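Whatever order the structure lists them in is the order used to number ligands and atoms, beginning at 1. All values derive from a computational prediction rather than experimental measurement.
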Amino acid sequence: MTRKACIIGGGVIGGGWAARFLLNGWNVSVFDPDPEAERKIGEVLANARRSLPALSDVPMPAEGKLSFASSITEAVEGADYIQESVSERLELKHRVFAQIQQASHGVPIGSSTSGFKPSELQENAADPATIFVAHPFNPVYLLPLAEIVPSAKSDAKVIENAKEILREVGMFPLHVRKEIDAHIADRFLEAVWREALWLVKDGIATTEEIDEAIRMGFGLRWGQMGLFETYRVAGGEAGMKHFMAQFGPCLQWPWTKLTDVPEFTEELVDLIAGQSDEQSGQYTIRELERIRDSNLIGFMRALKDRNWGAGKVLLDHDKRRRAAFHEAGETGQGAPMVMAHMQVLPGWIDYNGHMTESRYLFAASETSDAFLRLIGADMDYIANGHSYYTAETHIMHLGEAKLGDRLIGTIQILSSDEKRIHAFIRIQRGDEVVASLEQMFLHVDMKAGRACPAAPEVLAKLAPIAEAHKTLPRPEAAGRYTGERRK
Ligand SMILES: NC(=O)C1=CN([C@@H]2O[C@H](COP(=O)(O)OP(=O)(O)OC[C@H]3O[C@@H](n4cnc5c(N)ncnc54)[C@H](O)[C@@H]3O)[C@@H](O)[C@H]2O)C=CC1
Ligand SMILES: C[N+](C)(C)CC(=O)CC(=O)[O-]
């Protein structure tokens with residue numbers, strides 16, 4: 001059954017949460033008294049729809065239903081998870097929790113608060129055990145981090161359940177073990193922000209120069225290795241100890257303004273806002289969001305290719321989504337097996353306006369890789385030095401796949417022996433076959449670089465499937481040569 005998330009407060013962050021849950025197949029109800037909330041969420045959602053699916057070649061589940069409630073009571077009805085994202089005012093948050101807990105019981109209530117501690121949020125609550133901090137990062141629909149901060153009063157089961165829910169929607173719940181003001185990340189960001197305000201106020205750098213200093217250098221490093229791993233490498237062969245010996249003393253030098261905060265005057269606000277307008281005023285905020293999102297996607301996909309940092313979280317989420325498809329789909333024998341689900345993404349479209357030819361081969365690999373995993377020729381098997389290599393492919397293009405089409409890849413085993421699998425793959429839009437690929441896979445000893453028999457346990461899984469597929473009608477296109485007339 002489709003689950004329901006309830007979002008109280010639909011501004012920048014609430015809108016992002018709504019998009020994250022909806023695009024991951026949850027129904028979402030939002031309560032926000034702002035008459036503009038529906039329009040604003042619509043715009044955030046449009047950006048999310050354009051960006052989130054591009055993080056992966058595994059299609060998103062069917063989008064959930066979005067509804068706007070006229071009260072907190074209506075919004076929380078039937079919710080499996082509640083995320084509070086109202087303005088950063090403690091008394092407002094307390095009022096909201098009281099209303100939520102009058103209408104719902106035992107449901108996890110995460111708060112997006114950037115700075116309040118969970119024990120502060122829980123003060124006077126009817127059921128403090130279910131309230132905790134779930135602090136996300138903007139854009140919530142793309143960035144995986146959510147800092148999960150419980151207090152001593154929190155229910156450990158509620159926290160673990162919430163963490164699992166967040167993993168299901170592709171997030172990385174970082175369990176913050178001790179509650180402090182501003183958790184981990186904002187405490188850190190605050191220090192950087194403070195120094196930046198000083199640099200502008202003292203006329204040392206403009207907002208643009210500060211941004212260049214970050215995005216041309218250390219900002220790129222941070223996104224992939226963070227602070228400590230980056231500095232470990234910077235210590236040279238002697239690593240962190242040498243790094244600390246060399247740069248530790250500079251903490252005593254006047255390199256920072258320490259915790260001295262610039263006075264927050266109108267003049268300072270105007271100075272910063274004026275420079276920021278000059279730097280980026282040619283773009284609307286929505287345009288900047290789209291630029292940011294596209295950059296993040298390129299960056300995060302690169303991390304995914306390297307199975308590193310945030311890329312690992314994305315790979316894990318792909319794995320879960322694939323598994324969900326297979327739970328729902330056929331895995332049985334006696335019919336071509338549906339092994340892959342795909343969605344045609346913008347980057348798959350060529351100058352002819354349809355899916356580019358290399359993607360048909362990609363779609364076939366998604367299908368055959370899933371089949372090979374099913375029979376046990378998975379990454380562990382490969383790590384032990386054996387794999388199946390594709391020796392031959394014959395592709396027939398029978399239709400045009402278009403942007404956004406949902407495709408499936410099916411596999412039919414034509415024949416097999418201990419070294420070979422002869423397969424017929426169909427790339428389908430519903431029942432329509434848009435391409436077929438006849439392929440021969442050879443089992444290889446990777447070290448020796450030559451064909452060899454597959455492991456008995458792989459053959460044992462392959463054999464009954466191949467046997468069952470003998471009863472299937474042989475595809476007309478099997479064995480075709482290029483240029484042969486179509487019947
Ligand atoms: N903007 C950011 O970069 C981040 C903000 N946060 C946190 O997220 C929370 C929300 O911040 P933003 O989305 O930036 O603020 P925002 O100002 O964009 O949105 C707050 C929303 O709360 C609504 N609201 C006010 N009273 C309400 C009530 N009684 N019931 C329901 N909705 C109500 C407002 O109408 C508004 O739409 C804050 O706790 C903030 O600290 C967390 C991470 C990043
Ligand atoms: C500025 N901020 C404190 C609201 C920032 C955050 O809380 C997280 C973010 O997205 O940078």
Side-chain angles (χ1 to χ4, degrees), residues 5-20 28-45 47-48 67-76 79 82-103 109-118 120-121 131-149 166 171-174 176 180-194 196-197 211 214 219 222-223 261 264 272 276 285-286 288-289 292-293 296 310:
C6 165
I7 310 294
I8 306 295
V12 173
I13 294 304
W17 277 111
R20 161 105 30 205
V28 170
S29 72
V30 177
F31 172 69
D32 190 317
D34 176 2
E36 291 288 299
E38 199 164 336
R39 176 190 61 76
K40 289 185 194 162
I41 289 189
E43 289 182 23
V44 173
L45 248 181
N47 279 353
S67 56
F68 290 87
S70 54
S71 66
I72 288 184
T73 308
E74 184 189 330
V76 299
I82 300 170
Q83 182 73 25
E84 169 278 307
S85 299
V86 302
S87 321
E88 187 75 346
R89 296 199 327 262
L90 190 56
E91 91 337 296
L92 171 63
K93 291 190 187 275
H94 282 161
R95 246 189 300 134
V96 164
F97 293 136
Q99 286 176 48
I100 293 174
Q101 295 200 321
Q102 255 170 25
I109 308 172
S111 168
S112 299
T113 180
S114 300
F116 297 122
K117 297 194 283 279
E120 291 171 309
L121 300 175
I131 299 172
F132 56 93
V133 171
H135 177 233
F137 290 76
N138 194 28
V140 183
Y141 50 83
L142 286 185
L143 296 187
L145 181 60
E147 290 177 296
I148 302 299
V149 198
L166 296 179
M171 296 188 88
F172 178 81
L174 178 68
V176 178
I180 53 162
D181 293 315
H183 333 308
I184 299 175
D186 275 355
R187 182 153 173 180
F188 187 57
L189 286 178
E190 201 63 4
V192 178
W193 177 235
R194 189 179 57 241
L197 292 188
D211 284 350
I214 296 173
W222 278 356
V261 180
F264 204 71
I272 303 268
S276 173
I285 297 296
R286 295 290 175 224
L288 280 173
E289 283 175 350
R292 175 201 63 192
D293 291 358
L296 282 172

For [X] and [Y], which heavy atoms make the closest approach, and how far apart are they?
X   : Y    : value
I13 : S85  : CG2-OG, 4.0 Å
I8  : C6   : CD1-SG, 3.5 Å
K40 : R286 : O-NH2, 4.0 Å
F97 : L121 : CD1-O, 3.6 Å

Inset, instruction - Using distance alone, with no hydrogens and no angle criterion, decide if T73 and Q99 have a side-chain donor and acceptor under 3.5 Å apart. - result: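 The answer is no; no qualifying pair exists.
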
Legend entry - Residues forming a ring-ring contact (aromatic ring centres under 6.0 Å, His included) with W222, sequence neighbours excluded: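 Counting only residues at least two positions away or on another chain, W222 forms a ring-ring contact (aromatic ring centres under 6.0 Å, His included) with F188, F218.
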
For ligand 1, find each of its N or O atoms that sits under 3.5 Å from a protein N or O atom, and tabulate the pairs with distances to one decimal place.
residue: ligand 1; atom: 6 (N); partner: S114; partner atom: OG; Å: 3.3
residue: ligand 1; atom: 13 (O); partner: V12; partner atom: N; Å: 3.3
residue: ligand 1; atom: 13 (O); partner: I13; partner atom: N; Å: 2.9
residue: ligand 1; atom: 18 (O); partner: V12; partner atom: N; Å: 3.0
residue: ligand 1; atom: 35 (O); partner: D32; partner atom: OD1; Å: 2.7
residue: ligand 1; atom: 35 (O); partner: D32; partner atom: OD2; Å: 3.4
residue: ligand 1; atom: 37 (O); partner: D32; partner atom: OD2; Å: 2.6
residue: ligand 1; atom: 39 (O); partner: V86; partner atom: O; Å: 3.4
residue: ligand 1; atom: 39 (O); partner: E88; partner atom: OE1; Å: 2.5
residue: ligand 1; atom: 39 (O); partner: K93; partner atom: NZ; Å: 2.7
residue: ligand 1; atom: 41 (O); partner: E88; partner atom: OE1; Å: 2.9
residue: ligand 1; atom: 41 (O); partner: S114; partner atom: N; Å: 3.2
residue: ligand 1; atom: 41 (O); partner: S114; partner atom: OG; Å: 2.7

Legend entry - ligand 2-proximal atoms of H135, by part, heavy-atom distance under 4.0 Å: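 The side chain, only.
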
For [X], counting its heavy atoms only, list the atoms of ligand 2 lying under 4.0 Å from any of them.
X    : answer
L189 : 11 (O)
D186 : 3 (C), 5 (C), 6 (C), 7 (O), 8 (C)
N138 : 10 (O)

Inset, instruction - Identify, for atom 4 (C) of ligand 2, the protein heavy atom at the shortest distance, and state residue, atom and that distance. - result: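 In this structure, atom 4 (C) of ligand 2 has S114 OG, 3.3 Å as its nearest protein heavy atom.
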
Inset, instruction - Quick one: look up the protein heavy atom nearest atom 9 (C) of ligand 2 and list residue, atom name and how far away it is. - result: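 Here the closest protein heavy atom is F137 CD2, 3.5 Å.
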
Inset, instruction - Verify the neighbour count for atom CD of E38: are there more than 12 heavy atoms of other residues, nucleotides or ligands below 6.0 Å? - result: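 Atom CD in E38 is not packed in, count stays at 12 or less.
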
Legend entry - Protein non-hydrogen atom found under 4.0 Å from atom 1 (C) of ligand 2: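 No, no protein heavy atom sits under 4.0 Å from atom 1 (C) of ligand 2.
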
Inset, instruction - Taking the side chain as every heavy atom from C-beta outward, state whether H135 and V149 have any pair of such atoms under 4.5 Å apart. - result: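 Answer no - side chains too far apart.
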
Inset, instruction - May I ask whether E190 has any heavy atom positioned less than 4.0 angstrom from an atom of ligand 2? - result: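 E190 does not count as a contact of ligand 2 under the 4.0 Å cut-off.
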
Inset, instruction - Walk me through it: do K117 and D181 pass the test salt bridge (charged side-chain N to carboxylate O under 4.0 Å, His left out)? - result: CA-CA 6 Å; K117 297 194 283 279; D181 293 315; 3.3 Å; yes

Inset, instruction - Could you give me the CA-CA distance, side-chain angles and deciding distance for Y141 and N47, then say whether side chain to side chain donor-acceptor pair (under 3.5 Å) is met? - result: CA-CA 10 Å; Y141 50 83; N47 279 353; 4.7 Å; no

